[in-house]
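All chains are named by letter (A, B, ...) in the order of the sequence lines, taking the proteins before the strands, and each is independently numbered beginning at 1.
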There are 2 protein chains.
Amino acid sequence: MTSELIWAPLFQRLKTTTGADDLDLQALAALPFTLRNFRENQTVLRDGEQPSECCLIADGFCVRSKTIADGRRQILSIHIPGDLPNLQNLHFATVDHDLIALSDCTLAFIARKALNELIRERPGVGDMFWRDTLVDAAVSREWIVNVGQRSTYNRLAHLIVELRERLRLIGRVIDDTFAIPLTQEQFGEAMGVTSVHTNRILRELRVDGVLELQRGTVRILNEHKLQELAQFDGRYLHLSPTT
Amino acid sequence: MTSELIWAPLFQRLKTTTGADDLDLQALAALPFTLRNFRENQTVLRDGEQPSECCLIADGFCVRSKTIADGRRQILSIHIPGDLPNLQNLHFATVDHDLIALSDCTLAFIARKALNELIRERPGVGDMFWRDTLVDAAVSREWIVNVGQRSTYNRLAHLIVELRERLRLIGRVIDDTFAIPLTQEQFGEAMGVTSVHTNRILRELRVDGVLELQRGTVRILNEHKLQELAQFDGRYLHLSPTT
DNA sequence: GTGCTTTCCTAACATTTGTTGTATTCCAGC
DNA sequence: GCTGGAATACAACAAATGTTAGGAAAGCAC
């Protein structure tokens, strides 16, 4: 995988959302990194670990998750190419959740130290990344709303629309069929329900002609109905530099 | 209210959690601000608004919340003195949720522009604030776990233990009786359940001798049981500069 | 004090969601 | 092609939570 391909989705996202400075991006791309591949279900970062690197998803899907004492697991966020899922570690020594590869993945690991030095040198890079962590936080807040208030039926619609929006940003669209490589159990863990219930809701959505999901491939059957269910208002993604 | 009192809770928190530099704090305290008082239930920031200031809670409690199309409301976080609930607006023009005063409140408003200039001048201030927004994000992630996976009974215990921990940080402890000025309906909105169900759970907790809540005052009856229910692991609060 | 409003409290019933258990389908590896 | 494990599907029943309705207590304005 060429260096250019590795940075492409991140740069594409940063350019449209933050109006990134080309010199800042060049400086970023000049940083040394290590590529590592992960297989499906492999743990990238473990809760409690103290990583000396931040990672960039070059290819594949990952999730953040937390497991509580009784064994239940909650998926906290879904990450796609171009995401930097542990930028927190620029400021925290420890990760406070797991990061797990959903599919076979390629990640680029960049030393925290090198990143922090670059940020001191070029504050614009720091601004981009700080902003990026703020969008991440805004996505988490919307996730709370989704789990706390929306019916499971609407919740799944919202989750899918959000992800499609983010995939679109990195140019992975997507007619009405696209990949979200979660099992039904994992969709359940993302929504705070069991896999049995997820299966029920998926059947309803299928019967109602809204969407189909099989083996991690979503197919939108009725865009209008989907929008109506999701009630998606993407402002929280802060897609334009001026919002 | 003297300037010293206004900054005190924030500085106390920053000193223990980030090992803040005294010069950075002095520079902060030298910034001009405007004090404004809010009454219970008054909106401080409205979803969609474009504030030119960031605010510091000098006294009182606030919540972030979002209201979805069908009128349901989700409380996203609870804020106490020393919190800066809209630091996002250092990088975003728009707020993507409401900020509402739970009790009578005093807030200090500081111009975004002045803050951003200070951050350029003293990167240490930027680091403190960036870190602060990252803790905020970590709290949101734990909130997702709470709403998504814990039983309502355990969920309420966790919420109360977390808040007590944060209150302790700013020296508002607190024997086994302390104030959390939410109505039962608001506790419900924080947990993603109805006020009726909140009332049921509170009764259970009372009958089981765990805790009592009346008119926004919590009284812990059995600390041991409370801990057992909450399964609280405070690592996500990143209370020490080295975590 | 009296009345008014909000919060709290409870019950009865409806709906959603979890649990358990068992088929069935799919797919990777042989 | 066969085979074993994972993922999906679905049903019956149990438990959690929502809805609706109403009464009791607390706090506030006059």
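- Heavy atoms only, all atoms of each residue included: B:Arg155 and B:Met191 are closest at NH1-O, 2.5 Å.
- Heavy atoms of other residues, nucleotides or ligands lying less than 6.0 angstrom from CD of A:Glu185 number 12 at most.
- The CG atom of A:Asn199 sits 16 Å away from the P atom of C:dT19 (whole-angstrom rounding).
- What separates CG of A:Asp70 from P of C:dG18 is a distance of 13 Å, to the nearest Å.
- For A:Gln214, no side-chain nitrogen or oxygen approaches OP1 or OP2 of D:dT8 to under 4.0 Å.
- If you measure from atom CD of A:Gln184 to atom C1' of C:dT24, you get 13 Å, rounded to the nearest angstrom.
- The shortest distance between side-chain heavy atoms of A:Leu202 and A:Gln184 falls below 4.5 Å.
- Among the protein residues, A:Gly188 comes within range of no part of the nucleic acid, since none of its heavy atoms lies under 4.0 Å from any strand.
- Comparing B:Gly216 and A:Ser151 by the nucleotide of DNA chain C whose heavy atom lies nearest to each, the residue mapping closer to the 5' end is B:Gly216.
- Look at CD on A:Gln149: it is 13 Å from C1' on D:dT17, rounded to the nearest Å.
- Closest to the side chain of A:Arg206, from the set C:dT17, D:dC10, C:dT7, is D:dC10.
- For A:Arg39 and C:dA28, the CZ to P distance is 15 Å, given to the nearest whole Å.
- For the OP1/OP2 pair of D:dA16 and a distance below 4.0 Å, the side-chain nitrogens and oxygens of B:Thr152 include no atom meeting the criterion.
- Set against D:dC10, D:dT19, C:dC9, the side chain of B:Arg72 has D:dT19 as its closest nucleotide.
- Distance CZ (B:Arg150) to C1' (C:dT17): 19 Å, rounded to an integer number of Å.
- Out of C:dT19, D:dT8, C:dC9, the shortest distance to the side chain of A:Thr194 is found at C:dT19.
- Classification of A:Glu212 and A:Arg203 as a salt-bridged pair fails, no side-chain N sitting under 4.0 Å from a carboxylate O.
- To the nearest angstrom, C1' of C:dC9 lies 15 Å from CD of B:Glu212.
- With DNA chain C read from its 5' end, the first of the two nearest nucleotides for A:Arg215 and A:Val196 is the one closest to A:Val196.
- Between B:Arg203 and C:dC9 there is no side-chain N or O to OP1 or OP2 distance below 4.0 Å.
- If you measure from atom CZ of B:Phe187 to atom P of C:dC9, you get 12 Å, rounded to the nearest angstrom.
- For B:Glu142 and A:Lys66, the salt-bridge test passes: some basic side-chain N is under 4.0 Å from an acidic carboxylate O.
- The side chain of A:Arg200 contributes no N or O atom lying less than 4.0 Å from OP1 or OP2 of C:dT15.
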